[in-house]
Novice: 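Dropping a structure here in C-alpha coordinates format, bear with me for questions.
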2 protein chains.
Amino acid sequence: MTLKVQAAESRIEQLCIEHGLKMTGQRRVIARVLSEADDHPDVEELYRRAAVLDSRISVATVYRTVRLLEEKGILERRDFGGGRARYEATEHGRHHYHLIDVDNGKVIEFEDPEHEAFMMKVADRLGFEFVSMRLELFGKKRQPANASSGKTTPRSRRKGDQT
Amino acid sequence: MTLKVQAAESRIEQLCIEHGLKMTGQRRVIARVLSEADDHPDVEELYRRAAVLDSRISVATVYRTVRLLEEKGILERRDFGGGRARYEATEHGRHHYHLIDVDNGKVIEFEDPEHEAFMMKVADRLGFEFVSMRLELFGKKRQPANASSGKTTPRSRRKGDQT
DNA sequence: TTATGTGCAAACTTTTTGCTGAAAG
DNA sequence: CTTTCAGCAAAAAGTTTGCACATAA
(Lines give C-alpha, C1' and ligand atoms only; values in the text may rest on other atoms or scores of the structure.)
Protein backbone atom coordinates (compact mmCIF):
# COMPACT_ATOMS: atom_id res chain seq x y z
CA MET A 1 0.00 0.00 0.00
CA THR A 2 1.36 3.40 -0.97
CA LEU A 3 1.28 6.14 1.61
CA LYS A 4 0.18 9.55 0.41
CA VAL A 5 2.59 12.06 1.88
CA GLN A 6 1.97 15.08 -0.29
CA ALA A 7 -1.13 17.20 -0.29
CA ALA A 8 -3.79 15.87 -2.62
CA GLU A 9 -3.61 17.04 -6.19
CA SER A 10 -5.41 20.27 -6.79
CA ARG A 11 -8.34 20.29 -9.15
CA ILE A 12 -6.37 21.99 -11.89
CA GLU A 13 -3.48 19.58 -11.42
CA GLN A 14 -5.91 16.74 -11.98
CA LEU A 15 -6.97 18.29 -15.23
CA CYS A 16 -3.36 18.78 -16.29
CA ILE A 17 -2.70 15.11 -15.68
CA GLU A 18 -5.79 14.13 -17.60
CA HIS A 19 -4.47 16.21 -20.46
CA GLY A 20 -1.18 14.36 -20.32
CA LEU A 21 0.94 17.31 -19.21
CA LYS A 22 4.29 16.73 -17.58
CA MET A 23 3.88 17.86 -13.99
CA THR A 24 6.85 19.88 -12.84
CA GLY A 25 7.07 21.41 -9.41
CA GLN A 26 6.34 24.83 -10.86
CA ARG A 27 3.27 23.68 -12.70
CA ARG A 28 1.98 21.99 -9.60
CA VAL A 29 2.32 25.24 -7.67
CA ILE A 30 0.66 27.32 -10.36
CA ALA A 31 -2.11 24.74 -10.66
CA ARG A 32 -2.70 24.97 -6.96
CA VAL A 33 -2.77 28.76 -6.96
CA LEU A 34 -5.29 28.65 -9.76
CA SER A 35 -7.39 26.05 -8.02
CA GLU A 36 -7.56 28.13 -4.89
CA ALA A 37 -8.28 31.42 -6.60
CA ASP A 38 -11.85 32.56 -6.49
CA ASP A 39 -11.15 35.78 -8.33
CA HIS A 40 -9.59 36.74 -11.68
CA PRO A 41 -5.86 37.13 -11.20
CA ASP A 42 -3.58 38.47 -13.89
CA VAL A 43 -0.16 36.98 -14.51
CA GLU A 44 1.58 39.32 -12.07
CA GLU A 45 -0.78 38.31 -9.34
CA LEU A 46 -0.47 34.60 -10.09
CA TYR A 47 3.27 35.03 -10.00
CA ARG A 48 3.09 36.77 -6.65
CA ARG A 49 0.91 34.04 -5.16
CA ALA A 50 3.01 31.26 -6.62
CA ALA A 51 6.21 32.82 -5.35
CA VAL A 52 4.88 32.59 -1.81
CA LEU A 53 4.58 28.80 -2.13
CA ASP A 54 7.82 28.34 -4.03
CA SER A 55 10.22 31.17 -4.61
CA ARG A 56 12.23 29.53 -7.38
CA ILE A 57 9.60 30.29 -9.97
CA SER A 58 9.81 32.89 -12.72
CA VAL A 59 7.21 35.07 -14.42
CA ALA A 60 8.16 33.53 -17.74
CA THR A 61 7.00 30.18 -16.44
CA VAL A 62 3.73 31.64 -15.29
CA TYR A 63 3.18 33.11 -18.74
CA ARG A 64 4.05 29.83 -20.42
CA THR A 65 1.85 27.80 -18.10
CA VAL A 66 -1.12 30.05 -18.37
CA ARG A 67 -0.87 29.99 -22.14
CA LEU A 68 -0.60 26.23 -22.19
CA LEU A 69 -3.58 25.76 -19.92
CA GLU A 70 -5.60 28.15 -22.00
CA GLU A 71 -4.80 26.15 -25.12
CA LYS A 72 -5.88 22.99 -23.33
CA GLY A 73 -9.16 24.63 -22.39
CA ILE A 74 -8.41 24.41 -18.68
CA LEU A 75 -8.22 28.15 -18.23
CA GLU A 76 -10.07 31.02 -19.82
CA ARG A 77 -8.64 34.42 -20.51
CA ARG A 78 -10.64 37.51 -19.70
CA ASP A 79 -10.24 41.15 -20.58
CA PHE A 80 -11.88 43.44 -18.09
CA GLY A 81 -10.13 46.54 -19.34
CA GLY A 82 -6.94 47.49 -17.58
CA GLY A 83 -4.46 46.23 -20.09
CA ARG A 84 -3.58 42.82 -18.70
CA ALA A 85 -5.17 39.49 -19.35
CA ARG A 86 -6.87 37.84 -16.40
CA TYR A 87 -7.55 34.19 -15.89
CA GLU A 88 -10.01 31.87 -14.33
CA ALA A 89 -10.61 28.15 -14.43
CA THR A 90 -13.01 26.92 -17.06
CA GLU A 91 -16.27 25.75 -15.58
CA HIS A 92 -18.25 23.36 -17.65
CA GLY A 93 -21.99 23.64 -17.39
CA ARG A 94 -22.05 26.14 -14.53
CA HIS A 95 -20.94 29.24 -16.38
CA HIS A 96 -20.96 32.62 -14.76
CA TYR A 97 -20.63 36.06 -16.28
CA HIS A 98 -19.13 39.37 -15.29
CA LEU A 99 -20.48 42.80 -14.62
CA ILE A 100 -17.68 45.34 -14.53
CA ASP A 101 -18.15 48.63 -12.74
CA VAL A 102 -16.77 51.11 -15.25
CA ASP A 103 -15.97 53.62 -12.53
CA ASN A 104 -13.70 51.47 -10.42
CA GLY A 105 -13.03 48.26 -12.34
CA LYS A 106 -14.63 46.03 -9.70
CA VAL A 107 -16.07 42.82 -11.04
CA ILE A 108 -19.32 41.24 -9.95
CA GLU A 109 -20.22 37.74 -11.05
CA PHE A 110 -23.68 36.67 -11.99
CA GLU A 111 -25.30 33.59 -13.42
CA ASP A 112 -27.82 32.83 -16.06
CA PRO A 113 -28.45 29.12 -16.21
CA GLU A 114 -30.21 29.11 -19.55
CA HIS A 115 -27.58 31.16 -21.22
CA GLU A 116 -24.93 28.60 -21.98
CA ALA A 117 -27.44 26.18 -23.44
CA PHE A 118 -28.73 28.95 -25.62
CA MET A 119 -25.24 29.86 -26.83
CA MET A 120 -24.50 26.26 -27.66
CA LYS A 121 -27.60 26.29 -29.80
CA VAL A 122 -26.44 29.47 -31.55
CA ALA A 123 -23.03 27.95 -32.27
CA ASP A 124 -24.67 24.82 -33.55
CA ARG A 125 -27.01 26.72 -35.81
CA LEU A 126 -24.01 28.55 -37.32
CA GLY A 127 -22.23 25.28 -37.97
CA PHE A 128 -19.80 25.42 -35.07
CA GLU A 129 -18.91 23.27 -32.14
CA PHE A 130 -19.12 25.32 -28.93
CA VAL A 131 -15.71 25.85 -27.34
CA SER A 132 -16.25 28.62 -24.84
CA MET A 133 -17.81 32.00 -24.37
CA ARG A 134 -17.42 35.28 -22.60
CA LEU A 135 -20.07 37.67 -21.52
CA GLU A 136 -19.08 40.97 -20.04
CA LEU A 137 -21.51 43.58 -18.96
CA PHE A 138 -20.28 47.09 -18.20
CA GLY A 139 -22.28 49.34 -15.94
CA LYS A 140 -22.25 52.29 -13.58
CA LYS A 141 -23.46 51.89 -10.05
CA ARG A 142 -26.90 53.43 -9.72
CA GLN A 143 -26.98 55.98 -6.90
CA PRO A 144 -29.80 55.13 -4.44
CA ALA A 145 -31.51 58.52 -4.87
CA ASN A 146 -28.73 60.32 -2.97
CA ALA A 147 -27.56 63.50 -4.62
CA SER A 148 -23.83 64.47 -4.16
CA SER A 149 -22.66 64.38 -7.77
CA GLY A 150 -19.38 66.25 -7.42
CA LYS A 151 -17.34 63.11 -6.89
CA THR A 152 -13.85 62.65 -8.28
CA THR A 153 -14.78 60.05 -10.81
CA PRO A 154 -11.84 58.32 -12.47
CA ARG A 155 -12.64 58.06 -16.12
CA SER A 156 -9.83 56.69 -18.23
CA ARG A 157 -8.46 53.20 -18.31
CA ARG A 158 -6.58 52.57 -15.11
CA LYS A 159 -3.89 49.99 -14.46
CA GLY A 160 -4.64 48.45 -11.11
CA ASP A 161 -8.13 47.04 -11.23
CA GLN A 162 -9.72 45.00 -8.51
CA THR A 163 -11.18 41.49 -8.15
CA MET B 1 -27.22 79.99 -49.33
CA THR B 2 -24.15 78.02 -48.41
CA LEU B 3 -22.82 75.57 -50.89
CA LYS B 4 -21.71 72.22 -49.49
CA VAL B 5 -18.43 71.42 -51.13
CA GLN B 6 -17.11 68.77 -48.80
CA ALA B 7 -18.52 65.30 -48.43
CA ALA B 8 -21.28 65.12 -45.84
CA GLU B 9 -20.17 64.40 -42.28
CA SER B 10 -19.76 60.75 -41.55
CA ARG B 11 -21.96 59.17 -38.92
CA ILE B 12 -19.12 59.00 -36.42
CA GLU B 13 -18.16 62.59 -37.13
CA GLN B 14 -21.72 63.59 -36.28
CA LEU B 15 -21.40 61.83 -32.97
CA CYS B 16 -18.08 63.52 -32.28
CA ILE B 17 -19.68 66.90 -32.87
CA GLU B 18 -22.60 66.04 -30.64
CA HIS B 19 -20.09 65.18 -27.96
CA GLY B 20 -18.44 68.56 -28.40
CA LEU B 21 -15.14 67.30 -29.76
CA LYS B 22 -12.90 69.59 -31.73
CA MET B 23 -12.90 68.27 -35.27
CA THR B 24 -9.43 68.26 -36.73
CA GLY B 25 -8.67 66.95 -40.17
CA GLN B 26 -7.20 63.80 -38.73
CA ARG B 27 -10.20 63.09 -36.57
CA ARG B 28 -12.49 63.62 -39.49
CA VAL B 29 -10.55 61.07 -41.52
CA ILE B 30 -10.49 58.54 -38.72
CA ALA B 31 -14.18 59.09 -38.10
CA ARG B 32 -14.87 58.42 -41.73
CA VAL B 33 -12.78 55.27 -41.78
CA LEU B 34 -14.64 54.04 -38.74
CA SER B 35 -18.00 54.94 -40.24
CA GLU B 36 -17.24 53.01 -43.38
CA ALA B 37 -15.80 49.95 -41.66
CA ASP B 38 -18.09 47.00 -41.47
CA ASP B 39 -15.52 44.81 -39.76
CA HIS B 40 -13.42 45.07 -36.59
CA PRO B 41 -10.17 46.83 -37.44
CA ASP B 42 -7.32 47.12 -35.00
CA VAL B 43 -5.30 50.31 -34.66
CA GLU B 44 -2.77 49.27 -37.30
CA GLU B 45 -5.53 48.65 -39.78
CA LEU B 46 -7.30 51.91 -38.99
CA TYR B 47 -4.02 53.68 -39.45
CA ARG B 48 -3.48 52.00 -42.81
CA ARG B 49 -6.94 52.95 -44.04
CA ALA B 50 -6.67 56.48 -42.73
CA ALA B 51 -3.27 56.97 -44.33
CA VAL B 52 -4.82 56.27 -47.73
CA LEU B 53 -7.17 59.22 -47.31
CA ASP B 54 -4.63 61.52 -45.71
CA SER B 55 -1.00 60.56 -45.41
CA ARG B 56 -0.04 63.16 -42.81
CA ILE B 57 -1.54 61.14 -40.00
CA SER B 58 0.35 59.21 -37.34
CA VAL B 59 -0.35 56.02 -35.44
CA ALA B 60 -0.17 57.96 -32.21
CA THR B 61 -3.14 60.02 -33.30
CA VAL B 62 -5.08 56.91 -34.16
CA TYR B 63 -4.39 55.54 -30.71
CA ARG B 64 -5.38 58.80 -29.08
CA THR B 65 -8.54 59.13 -31.12
CA VAL B 66 -9.67 55.59 -30.60
CA ARG B 67 -9.17 55.94 -26.87
CA LEU B 68 -11.08 59.20 -26.80
CA LEU B 69 -13.98 57.79 -28.76
CA GLU B 70 -14.11 54.77 -26.54
CA GLU B 71 -14.30 56.99 -23.48
CA LYS B 72 -17.13 58.91 -25.09
CA GLY B 73 -18.98 55.67 -25.74
CA ILE B 74 -18.83 56.14 -29.50
CA LEU B 75 -16.59 53.14 -30.03
CA GLU B 76 -16.33 49.80 -28.33
CA ARG B 77 -13.16 47.86 -27.85
CA ARG B 78 -13.11 44.14 -28.52
CA ASP B 79 -10.63 41.42 -27.75
CA PHE B 80 -10.89 38.51 -30.12
CA GLY B 81 -7.58 37.00 -29.09
CA GLY B 82 -4.58 37.94 -31.16
CA GLY B 83 -3.07 40.49 -28.86
CA ARG B 84 -4.43 43.72 -30.27
CA ALA B 85 -7.55 45.60 -29.42
CA ARG B 86 -10.14 45.88 -32.15
CA TYR B 87 -12.80 48.48 -32.53
CA GLU B 88 -16.28 48.94 -33.82
CA ALA B 89 -18.88 51.66 -33.58
CA THR B 90 -21.31 51.40 -30.71
CA GLU B 91 -24.76 50.46 -31.88
CA HIS B 92 -27.59 51.35 -29.60
CA GLY B 93 -30.49 48.99 -29.55
CA ARG B 94 -29.37 46.79 -32.43
CA HIS B 95 -26.53 44.95 -30.76
CA HIS B 96 -24.77 42.11 -32.44
CA TYR B 97 -22.40 39.53 -31.04
CA HIS B 98 -19.37 37.64 -32.24
CA LEU B 99 -18.56 34.03 -32.89
CA ILE B 100 -14.82 33.55 -33.28
CA ASP B 101 -13.47 30.53 -35.11
CA VAL B 102 -10.69 29.36 -32.79
CA ASP B 103 -8.83 27.70 -35.63
CA ASN B 104 -8.39 30.71 -37.87
CA GLY B 105 -9.55 33.76 -35.95
CA LYS B 106 -12.35 34.59 -38.36
CA VAL B 107 -15.26 36.44 -36.84
CA ILE B 108 -18.91 35.84 -37.60
CA GLU B 109 -21.55 38.20 -36.34
CA PHE B 110 -24.90 37.13 -35.08
CA GLU B 111 -27.85 38.77 -33.44
CA ASP B 112 -30.14 38.01 -30.59
CA PRO B 113 -32.78 40.71 -30.26
CA GLU B 114 -33.93 39.77 -26.80
CA HIS B 115 -30.48 39.65 -25.42
CA GLU B 116 -29.71 43.27 -24.82
CA ALA B 117 -33.03 43.87 -23.10
CA PHE B 118 -32.30 40.91 -20.88
CA MET B 119 -28.84 42.22 -20.00
CA MET B 120 -30.23 45.60 -19.13
CA LYS B 121 -32.56 43.86 -16.74
CA VAL B 122 -29.65 41.97 -15.20
CA ALA B 123 -27.69 45.20 -14.73
CA ASP B 124 -30.70 46.85 -13.23
CA ARG B 125 -31.34 44.02 -10.83
CA LEU B 126 -27.74 44.28 -9.62
CA GLY B 127 -28.09 47.99 -9.05
CA PHE B 128 -26.26 49.19 -12.13
CA GLU B 129 -27.00 51.38 -15.07
CA PHE B 130 -26.27 49.50 -18.29
CA VAL B 131 -23.31 50.98 -20.17
CA SER B 132 -22.36 48.33 -22.69
CA MET B 133 -21.74 44.66 -23.10
CA ARG B 134 -19.68 42.16 -25.01
CA LEU B 135 -20.58 38.65 -25.91
CA GLU B 136 -18.01 36.47 -27.55
CA LEU B 137 -18.58 32.91 -28.51
CA PHE B 138 -15.64 30.72 -29.47
CA GLY B 139 -16.15 27.67 -31.60
CA LYS B 140 -14.62 25.21 -34.04
CA LYS B 141 -16.12 24.77 -37.44
CA ARG B 142 -18.07 21.52 -37.53
CA GLN B 143 -16.87 19.30 -40.40
CA PRO B 144 -19.81 18.34 -42.63
CA ALA B 145 -19.26 14.58 -42.18
CA ASN B 146 -16.14 14.61 -44.38
CA ALA B 147 -13.22 12.66 -43.00
CA SER B 148 -9.68 13.97 -43.83
CA SER B 149 -8.46 14.81 -40.32
CA GLY B 150 -4.72 15.15 -40.99
CA LYS B 151 -4.87 18.88 -41.60
CA THR B 152 -2.14 21.25 -40.49
CA THR B 153 -4.20 22.99 -37.88
CA PRO B 154 -2.62 26.10 -36.40
CA ARG B 155 -3.17 25.95 -32.70
CA SER B 156 -1.52 28.73 -30.76
CA ARG B 157 -2.45 32.36 -30.69
CA ARG B 158 -1.53 33.91 -33.98
CA LYS B 159 -0.92 37.55 -34.74
CA GLY B 160 -2.72 38.35 -37.96
CA ASP B 161 -6.32 37.41 -37.48
CA GLN B 162 -9.04 38.14 -39.96
CA THR B 163 -12.25 40.19 -39.97
C1' DT C 1 -6.05 84.17 -29.25
C1' DT C 2 -6.23 80.31 -26.43
C1' DA C 3 -6.92 75.75 -25.48
C1' DT C 4 -6.41 71.53 -27.52
C1' DG C 5 -4.53 68.32 -30.95
C1' DT C 6 -0.60 66.30 -33.64
C1' DG C 7 3.85 64.24 -35.14
C1' DC C 8 7.87 62.25 -33.82
C1' DA C 9 10.64 59.51 -31.26
C1' DA C 10 11.51 57.85 -26.97
C1' DA C 11 9.57 55.38 -23.02
C1' DC C 12 6.68 51.96 -20.93
C1' DT C 13 4.12 47.77 -20.15
C1' DT C 14 2.92 43.35 -21.15
C1' DT C 15 4.18 39.16 -23.26
C1' DT C 16 7.29 36.12 -25.90
C1' DT C 17 11.64 33.79 -26.87
C1' DG C 18 16.63 31.96 -27.38
C1' DC C 19 19.76 29.69 -24.90
C1' DT C 20 21.68 26.60 -21.35
C1' DG C 21 21.16 23.83 -17.52
C1' DA C 22 17.48 20.84 -15.03
C1' DA C 23 14.22 17.41 -14.39
C1' DA C 24 10.06 14.39 -15.66
C1' DG C 25 8.65 10.14 -17.51
C1' DC D 1 18.15 8.59 -21.57
C1' DT D 2 15.41 11.53 -24.17
C1' DT D 3 12.30 15.01 -24.50
C1' DT D 4 10.20 18.64 -22.53
C1' DC D 5 10.56 22.42 -19.09
C1' DA D 6 12.50 26.46 -16.39
C1' DG D 7 15.32 30.48 -15.46
C1' DC D 8 17.35 34.44 -17.12
C1' DA D 9 17.81 38.24 -19.68
C1' DA D 10 17.12 40.13 -24.05
C1' DA D 11 13.67 41.31 -27.49
C1' DA D 12 9.29 41.88 -29.37
C1' DA D 13 4.70 43.80 -29.64
C1' DG D 14 1.36 47.03 -28.44
C1' DT D 15 0.41 51.34 -26.45
C1' DT D 16 1.36 55.78 -24.14
C1' DT D 17 3.69 60.21 -23.58
C1' DG D 18 6.84 64.63 -23.53
C1' DC D 19 7.84 68.20 -26.24
C1' DA D 20 7.62 71.77 -29.89
C1' DC D 21 4.75 73.08 -33.45
C1' DA D 22 0.08 73.43 -35.65
C1' DT D 23 -4.77 74.38 -35.76
C1' DA D 24 -9.87 74.58 -34.43
C1' DA D 25 -13.09 77.42 -32.33
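When reading the values below, keep in mind they use all heavy atoms of this one structure, side chains included, and skip hydrogens, waters and symmetry mates. Every chain is numbered from 1, with letters handed out A, B, ... down the list of sequences.
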Novice: Sequence neighbours left out, what passes ring-ring contact (aromatic ring centres under 6.0 Å, His included) with B:His95? Give chain and number order.
Specialist: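 Listed in chain order: nothing, the list is empty.
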Novice: Kindly write out the residues that satisfy side-chain contact (heavy atoms from CB on, under 4.5 Å) with A:Arg64, not counting sequence neighbours, or none if the list is empty.
Specialist: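 For A:Arg64, the residues satisfying side-chain contact (heavy atoms from CB on, under 4.5 Å) (neighbours in sequence not counted) are A:Ala60.
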Novice: Using the 3.5 Å cut-off, write out each protein N or O paired with an N or O of nucleotides 22-25 of chain C and the distance between them.
Specialist:
from   : atom 1 : to      : atom 2 : distance (Å)
C:dA24 : N3     : A:Lys22 : NZ     : 3.3
C:dG25 : OP1    : A:Met23 : N      : 3.1

Novice: Which residues, if any, of residues 11-18 of chain B bring a heavy atom under 4.0 Å of DNA chain D?
Specialist: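 The answer is none.
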Novice: In this structure, how many angstroms lie between the P atom of C:dG21 and the CD atom of A:Gln26, rounded?
Specialist: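 My rounded result for the distance is 18 Å.
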Novice: Residues in side-chain contact (heavy atoms from CB on, under 4.5 Å) with B:Tyr47, at least two apart?
Specialist: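 Scan of B:Tyr47 (side-chain contact (heavy atoms from CB on, under 4.5 Å), adjacent residues dropped) gives B:Ile57, B:Val59, B:Val62.
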Novice: The side chain of B:Arg67 lies closest to which of these nucleotides: D:dG18, D:dT16, C:dT15?
Specialist: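 Selected nucleotide: D:dT16.
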Novice: Tell me: OH of B:Tyr63 to C1' of D:dG18, nearest whole Å?
Specialist: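 Taking OH of B:Tyr63 and C1' of D:dG18, I get 18 Å after rounding.
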Novice: Suppose the criterion is salt bridge (Lys or Arg N to Asp or Glu O under 4.0 Å): which pairs have a residue in residues 120-135 of chain A, not counting sequence neighbours?
Specialist: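 Those involving residues 120-135 of chain A are A:Asp124-B:Arg142, A:Arg134-B:Asp79, A:Arg134-B:Glu136.
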Novice: For B:Arg49, enumerate each residue passing the salt bridge (charged side-chain N to carboxylate O under 4.0 Å, His left out) test, keeping only those at least two apart in sequence or located in another chain.
Specialist: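 Partners of B:Arg49 under the salt bridge (charged side-chain N to carboxylate O under 4.0 Å, His left out) test: B:Asp39, B:Glu45.
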Novice: Which hydrophobic side chains are connected to B:Ile17, either touching it within the sub-4.5 Å cutoff or through other members that do?
Specialist: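 Hydrophobic cluster check, B:Ile17: joined to B:Met23.
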Novice: Among the nucleotides C:dC8, C:dT15, D:dG7, which one has an atom lying closest to any side-chain atom of B:Ala60?
Specialist: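 Selected nucleotide: C:dC8.
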Novice: Please enumerate all residues that pass salt bridge (charged side-chain N to carboxylate O under 4.0 Å, His left out) together with B:Glu44, with sequence neighbours excluded.
Specialist: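 For B:Glu44, the residues satisfying salt bridge (charged side-chain N to carboxylate O under 4.0 Å, His left out) (neighbours in sequence not counted) are B:Arg48.
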